[in-house]
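Each remark here refers to the structure printed beneath this line.
It should be emphasised that the depicted structure is a prediction, and the values quoted were computed from it without experimental measurement. Just so we're on the same page: letters track the sequence lines, and every chain starts at 1.
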Amino acid sequence: MQERPPLVARDAEGLGPALVEQLVDRKLVGSPAELYDLNEETVAGLERMGDKSALNLVEQINKSKTATLPRLLHALGIPQVGEATALALANHFGDLEPILDANEEQLQEVEGIGPNVAAEIRSFFHQKHNREVNDKLVKAGVHWPKIVVDRKAQPLAGKTFVLTGTLVSLSRDEAKEKLQSLGAKVAGSVSKKTDYVIVGEEAGSKADKARELGIATLDEAGLLKLLER
DNA sequence: TAACCTCGAGATCC
DNA sequence: CTCGAGGTTA
């Protein structure tokens with residue numbers, strides 16, 4: 001089984017495996033972004049490539065600059081990220097930047113992404129090389145529309161909170177209701193699925209557990225900030 | 001098509 | 001926590 005370089009233009013029509021192999025073998029293309037430097041003359045010099053085909057291919061490659069986020073994500077060749085996962089990621093985050101910035105926990109909030117895939121994505125983008133490929137693609141003119149993620153109604157949808165300790169300005173039940181009204185789930189115990197632990201005064205073992213599991217904690221002030229919008 | 005991943009259900013333990 | 005179903009990746 002042969003490993004292919006991640007090609008953003010892999011779905012450009014007329015650019016099949018045989019051509020890619022030729023391009024790579026002849027050192028005409030060393031990285032995905034270099035595809036966009038190809039001109040008709042160099043392409044026409046390849047086997048089974050006449051002027052007409054060359055023109056078409058260059059056209060197709062240029063067309064692929066206008067991408068979509070899911071396609072781009074898929075084309076980057078992130079391990080474990082195929083079509084479906086790319087789409088879920090795109091719809092969840094809306095743009096590439098937040099995905100680059102997301103930590104493993106945040107990645108796991110995406111439907112269908114668990115610890116393994118989250119770790120793969122994270123380490124993929126941690127590698128300098130992969131980031132560079134990204135930058136080069138953008139510099140070469142690859143662009144895509146941002147996806148509008150509507151979270152106005154439920155800004156905390158998909159988040160799980162745990163309350164511990166005593167809150168001063170509101171009761172625990174009130175806090176719970178408010179969180180839920182914003183779409184959050186409020187659980188009774190801390191687990192790795194917990195997103196935030198709200199730590200009030202005289203908090204007990206749940207706060208410790210949050211620290212152990214590396215779960216984000218918020219004090220009352222932080223909670224209030226979150227609630228007011 | 002085989003291997004792998006996520007996630008929910010039910011068992012177990014606290 | 002472990003197991004299995006169902007879905008995805010390659």
Side-chain angles (χ1 to χ4, degrees), chain A residues 1-21 23-24 29 31-32 35 64 67-94 96 98-100 102-127 129-130 133-134 137 144 147 149 151 154 156-165 172 179-180 183-197 199 202-216:
Chain A
M1 212 139 320
Q2 209 200 322
E3 198 65 38
R4 299 224 156 277
L7 291 174
V8 72
R10 78 172 29 133
D11 51 15
E13 223 154 306
L15 183 63
L19 258 182
V20 172
E21 199 177 317
L23 290 169
V24 174
V29 169
S31 85
L35 271 173
S64 75
T68 66
L69 184 54
R71 277 191 171 204
L72 175 77
L73 287 169
H74 185 196
L76 287 175
I78 307 165
Q80 301 296 342
V81 177
E83 225 173 324
T85 308
L87 185 65
L89 270 170
N91 285 333
H92 183 92
F93 287 102
L96 184 59
I99 298 175
L100 297 178
N103 59 34
E104 288 185 29
E105 287 174 18
Q106 292 167 327
L107 288 167
Q108 286 185 55
E109 288 164 16
V110 179
E111 282 270 339
I113 293 186
N116 289 291
V117 176
E120 289 280 15
I121 296 170
R122 200 72 189 100
S123 76
F124 180 90
F125 286 123
H126 261 163
Q127 302 191 328
H129 166 74
N130 292 322
V133 167
N134 253 351
L137 287 173
W144 57 92
I147 294 170
V149 184
R151 262 180 253 167
Q154 305 268 286
L156 301 180
K159 309 277 188 199
T160 301
F161 286 74
V162 172
L163 299 163
T164 182
R172 220 193 252 216
L179 285 168
Q180 286 173 339
K185 271 193 285 183
V186 178
S189 59
V190 179
S191 76
K192 60 186 175 185
K193 294 225 167 192
T194 311
D195 297 296
Y196 295 98
V197 175
V199 180
E202 296 173 75
S205 61
K206 288 183 204 162
D208 300 335
K209 185 151 186 191
R211 231 161 279 132
E212 274 173 40
L213 296 175
I215 289 166

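- For DNA chain B, the outermost nucleotides in 5' to 3' order that have an atom under 4.0 Å from a heavy atom of chain A are B:dC5 to B:dC7.
- Between the CG atom of A:L73 and the P atom of C:dT9 there is a distance of 12 Å, given to the nearest Å.
- Evaluation of the side-chain contact (heavy atoms from CB on, under 4.5 Å) rule for A:L19 yields A:L15, A:Q22, A:L46, A:M49, A:L57 as partners, not counting sequence neighbours.
- A:A88 meets the side-chain contact (heavy atoms from CB on, under 4.5 Å) test with A:V110; sequence neighbours excluded.
- The CD atom of A:E120 sits 13 Å away from the C1' atom of C:dA10 (whole-angstrom rounding).
- Considering only residues two or more places apart in sequence or on other chains, A:P115 meets the side-chain contact (heavy atoms from CB on, under 4.5 Å) condition with A:Q108.
- Contacts of A:Q106 classified as side-chain contact (heavy atoms from CB on, under 4.5 Å), with partners at least two apart in sequence or in another chain: A:A102, A:N103, A:E109.
- Every pair tested for side chain to side chain donor-acceptor pair (under 3.5 Å) that includes a residue from residues 77-90 of chain A fails, sequence neighbours excluded, so the list is empty.
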